[in-house]
Enquirer: 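Let me begin by handing over the structure; questions about it come next.
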Amino acid sequence: MGKLNQDKLYAFLFVLPSIIVIFTFIYLFIGWTGYISMTKWNNVMPNLKFVGFRNYSRLFQIERFQIDLHNTLVFTTLFILACITIGLGLAILLDQRIKGESIFRSIFLFPMSLSFIVTGVVWRWILNPGSAQLGSVGINQLFDKIGLGFLKSGWYTDPDIGIKAVVIAAVWQLSGYTMAMYLAGLRGIPYELREAAQVDGATPTQVYRYVILPLLKPITIGAIIILGHISLKIFDLVAAMTGPGIGFSTDVPAYFMYDTTFRGNKFAQGASIAIIMLIMVGVLVIPYLIFSAKREEA
Amino acid sequence: MKSKTFNAESRHWNIAAHIILITFSLIILLPLLWTIRTSFATEVIAYEIPPRLIFHPTLKNYVLLFKENGFALKFYNSFVVAFVSTLISIPIASLGGYALARYKPGGKVSRFLIIGTQMLPPIVLILPLFAIFSTAHLLNTRTGLTFSYMAFNLPFLVWILMGFFEGVPKELEEASLIDGASRLTSFFKVIFPIAAPGIMSAGVLSFIMCWNEFLFALVLTGAETSTIPVALAALQTQRGVLIGKLSAGVVIANLPIVAISFFIQKYLVRGLSFGAIK
C-alpha cells in the first residue's frame, strides 16, 4: 500500500509542471478571453466594465462577419471534399504495390511540413492575375503558352472566385496528409478479406465498393474532423496569400479577429470573434473526442 | 502472395496508376522547384517570357535579402526561439507524458483536457498573452515568444510523448527500481534512453512547429525580434517586391524543414491526427 501511494505521489509530481502550464496558459487564458469578450474594452485603454453579450449581438450584425462565416463554410466544404477525394484516390493507387511507392509517399507528404506562409507566398505567385506591366505570370502564363488562354482567370482577385482560390493552395498542402491517413487505414485491412471477396467472385471494383470503403469509414470521419478544424481556424494562409480581398471575398474569421483587435484596438469585439471560433471548432471536435475515447474503451 | 497471371489489363492499369501518381507528384514538386530556380535568377530572367530553363545562376537575391531585409537576424531569431523553447518543453513534457502513460493520474479527464487543447485556435490565447506581455515588458522580446511557444506546444508534446512511453515495457523500470534506483534516476537513466528516438522526433516536431508559427510571432514581436515567417509575409506586401528575392526567402524559410522533415514524416502524420491512426 505504501508503495502504491508513493507511486501516485511521483506520478503527481511528474505531471505537475505540465498541468500548471496547461491550466494557466490554455484554460485560464480561454476564460480570460471569454471575460474580455463581455467587457467594454473597445479602444486602446482597457475598460473591463461588464456588458454581457453585447459584443456578440453586435458581431453577428456586422456584414464582414457574415461574409466571413459564409467564406468559412465554402472553404471548409470544398477543402474537405477535395482532400478526401484526392487523398483516397492516391492511397488506393499506392496500395496497388506500385513501384517507387515510398518515393511517391514522401513527395505527397512533403508540403504538410511547410508553413502555411510559404504555401501562401508560392501560390500567391502561381495564381497571380498578372498586370499590364508584367503581362501574365504564373499559371495564367502557362495557360497562354499551351493555348488554353481562355482558362485564364483573376483567381483570388476575382470576387466570384475569392476564397476558392485559397482552397487550391490548402488542398495542395494537405491532400498528401489525407492520403497518408487512408494508406494507413488500407494497410490495416487484412489481405485475406479481399481475397475472400475475390474468391466469391467479386470484381476489384466491387471489392473496393463493398468491402474496403465501408472499413475505411472511421478514417474518413477522422479526416473530416482534422481537416475541418484546420480550415475553421485558418489564418496564416489567408494572411500570406490574399489578405481580406476585394469586398472581403477571401476574408476569414481569424483574419477579422486580427484586424479588429490589433489594428482596430477593439479588444472586446476581437475576443468575441475568437470565442465564436472556439465554439465552432469545439462543436466539430469534442463529440469526436468523446466518441473515440468511448470506442477505445469498448 | 497468390498473384494472378500478369495479364494485359492489369498492366495497363498499372501504367495508368503510374501516370496519375507522377502527374500528382509534379503538381506538388513543380511550384517548389520553380521557386528554387527563380531564387537563383536575376530579375530580368525571372520575368522573361518564355521562361528560360538554363541560365547563369546568381546568389544576388540571397545577398540582397541578408543585406537589405535583415534576414540574418530573422534566421537567428527563428532558430533561437524554436531551439530554446523545444529545449525547455521536452523535459517537462517527457515527465508529464511518462507519468500519464504509467499511472494515469486523473484518469480519462486529464487525458481529455490535454488532447482537447490540440483543437484550440491559437487566436483564443493571443489576447491574454498580449495583455500580460505588455504589462511585463515582454512584447518585442525573444524571451516572450519563446515562452509562448513553450506553453502552447506543451500539451501536444505531452500527448505524443505519452504515446511513446506507452511502448516502453514496464518490467525494465521495475528491475531498475528493485536494484535500488530512485524514481527520478530510473526515469532519466533507464526510461529516457529507451524512449530517446521518440523524444528526438517530438523535439524535431516541436522545432518545426515553432519555426513555422506565424500568428504569435506577428502579434508579439517587432522589427528586431520577428521571425522568418513574419519577415516573409511582410516582404511580399511591400511595394515593388522582387520575385527573385521572395523566392530566395521561401528557400531560406524551408531549409531546416527540408533537412529534417523527410526523417520524421511518419511521426508528423501520427502526431497530428488526434490518435485517429496509430
Side-chain angles (χ1 to χ4, degrees), chain A residues 7-8 10-12 14-15 17-18 21-22 25-26 29-30 32-33 36 90 93 96 98 104 106-115 117-118 121-122 124-126 134-135 145 177 180-181 184 222 226 229 233 235-236 239-240 254 257 261-262 267 270-271 274 277-278 281 285 289 292-293, chain B residues 14 17-18 20-21 24-25 27-29 31 35 47 49-50 92-93 95-96 98-100 102-103 105 108 112 114-117 119-121 123-125 127-128 151 154-155 158 183 208 212 214-215 219 229 232-233 236 243 246 250 253-254 257 261-262 265 268-269 272-277:
Chain A
D7 273 0
K8 275 193 176 156
Y10 271 109
F12 178 71
F14 281 10
V15 176
S18 302
V21 172
I22 293 170
F25 293 97
I26 309 280
F29 275 24
I30 293 176
W32 192 346
T33 304
I36 293 174
L90 292 175
L93 288 178
Q96 312 295 319
I98 289 288
F104 284 124
S106 297
I107 294 174
F108 298 161
L109 265 178
F110 182 66
M112 81 170 289
S113 42
L114 303 179
S115 71
I117 298 297
V118 161
V121 169
V122 171
R124 179 193 175 99
W125 183 250
I126 295 175
L134 289 174
K145 250 190 89 183
Y177 169 63
M181 291 187 72
I226 292 155
H229 101 288
K233 56 190 192 189
F235 171 74
D236 307 15
M257 189 283 177
T261 315
F262 298 107
F267 292 89
M277 286 176 62
L278 180 68
V281 176
V285 177
L289 290 179
S292 27
Chain B
N14 198 273
H18 272 94
I20 298 172
L21 289 169
F24 198 78
S25 302
I27 293 175
I28 297 289
L29 288 177
T35 309
Y47 285 111
I49 299 171
I92 302 179
L95 281 172
Y98 167 73
L100 280 168
R102 200 55 97 229
Y103 306 105
K108 274 192 307 235
F112 186 82
I114 290 170
I115 186 80
T117 61
M119 61 152 202
L120 204 70
I123 211 146
V124 180
L125 308 179
L127 245 177
L154 191 68
V158 169
R183 279 279 160 188
I208 292 185
N212 285 343
F214 178 66
L215 176 70
V219 174
L232 198 56
Q236 65 167 350
I243 183 66
L246 202 55
V250 167
N254 281 337
I257 310 289
S261 83
F262 277 107
Q265 276 184 346
L268 214 58
V269 173
L272 293 174
S273 58
F274 293 115
I277 50 171

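Residue numbering restarts at 1 for every chain, and letters A, B, ... go by the order of the sequence lines.
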Enquirer: So which of A:V122, A:V121, A:I126 has the biggest tally of heavy-atom pairs under 4.5 Å with chain B?
Expert: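 Among the listed options, the one with the most contacts to chain B is A:V121.
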
Enquirer: Check A:F108 against B:S25 and note the closest heavy-atom contact, atom names and distance.
Expert: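 In this case the closest contact between A:F108 and B:S25 is CE2-OG, 3.4 Å.
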
Enquirer: Check A:V15 against B:A99 and note the closest heavy-atom contact, atom names and distance.
Expert: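 For A:V15 and B:A99, the tightest heavy-atom pair comes out as CG2-CB, 3.3 Å.
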
Enquirer: Taking side chain as C-beta onward, heavy atoms only, is A:W125 less than 4.5 Å from B:L246?
Expert: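 SC-SC contact between A:W125 and B:L246 ruled out.
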
Enquirer: What's the shortest heavy-atom distance between A:S113 and B:N212, and which atoms?
Expert: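 Heavy atoms only, the tightest pair is O-ND2, 3.1 Å.
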
Enquirer: Going by heavy atoms in the side chains, are A:P17 and B:L95 under 4.5 Å from each other?
Expert: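 In short, these two side chains do not touch, never coming nearer than 4.5 Å.
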
Enquirer: Could you have a look at A:I36, A:T261, A:L114 and say which one has the most heavy-atom pairs with chain B under 4.5 angstrom?
Expert: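 Highest number of heavy-atom pairs under 4.5 Å: A:L114.
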
Enquirer: Taking all heavy atoms of B:L120 and all of A:I30, pick out the closest pair and write down the distance.
Expert: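 Smallest heavy-atom distance, with atoms named: CD1-CD1, 3.5 Å.
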
Enquirer: Considering all heavy atoms of both residues, which atom of A:A254 and which atom of B:I123 are nearest to each other, and what is their separation?
Expert: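 Heavy atoms of A:A254 and B:I123 come nearest at O-CD1, 3.3 Å.
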
Enquirer: Rounded to the nearest 0.5 Å, what separation is found between the CD atom of A:Q96 and the CG atom of B:L21?
Expert: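 It comes to 9.5 Å.
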
Enquirer: With chain A, which of B:L100, B:V219, B:V158 has the greatest number of heavy-atom pairs at distances under 4.5 Å?
Expert: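 The option with the most such pairs is B:V219.
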
Enquirer: With chain A as the partner, which of B:P31, B:P229, B:A93 has the greatest number of non-hydrogen pairs under 4.5 Å?
Expert: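 Top count of heavy-atom pairs under 4.5 Å with chain A: B:P31.
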
Enquirer: Please flag which part of A:F267 lies under 4.5 Å from any non-hydrogen atom of chain B: side chain, backbone, both or neither.
Expert: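 The answer is both parts of A:F267.
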
Enquirer: First locate atom CZ of A:F104, then atom CZ of B:F24, and finally report the distance between them rounded to the nearest 0.5 Å.
Expert: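 If I round to the nearest 0.5 Å, the distance is 12.0 Å.
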
Enquirer: Taking A:K8 for the side chain and B:P105 for the main chain, is one N or O donor matched with an acceptor at less than 3.5 Å?
Expert: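 Here the side-chain-to-backbone pair does not exist.
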
Enquirer: Non-hydrogen atoms of chain A under 4.5 Å away: do they reach the side chain of B:V124, the backbone, both or neither?
Expert: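 Its backbone and side chain both get close to chain A.
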
Enquirer: Over all heavy atoms of both residues, which pair between B:I92 and A:S18 is shortest? Give the atoms and the distance, please.
Expert: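 Heavy atoms only, the tightest pair is O-OG, 3.4 Å.
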
Enquirer: For B:T117, is it the side chain, the backbone, both or neither that has a heavy atom under 4.5 Å from a heavy atom of chain A?
Expert: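 Contact with chain A is through both the backbone and side chain of B:T117.
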
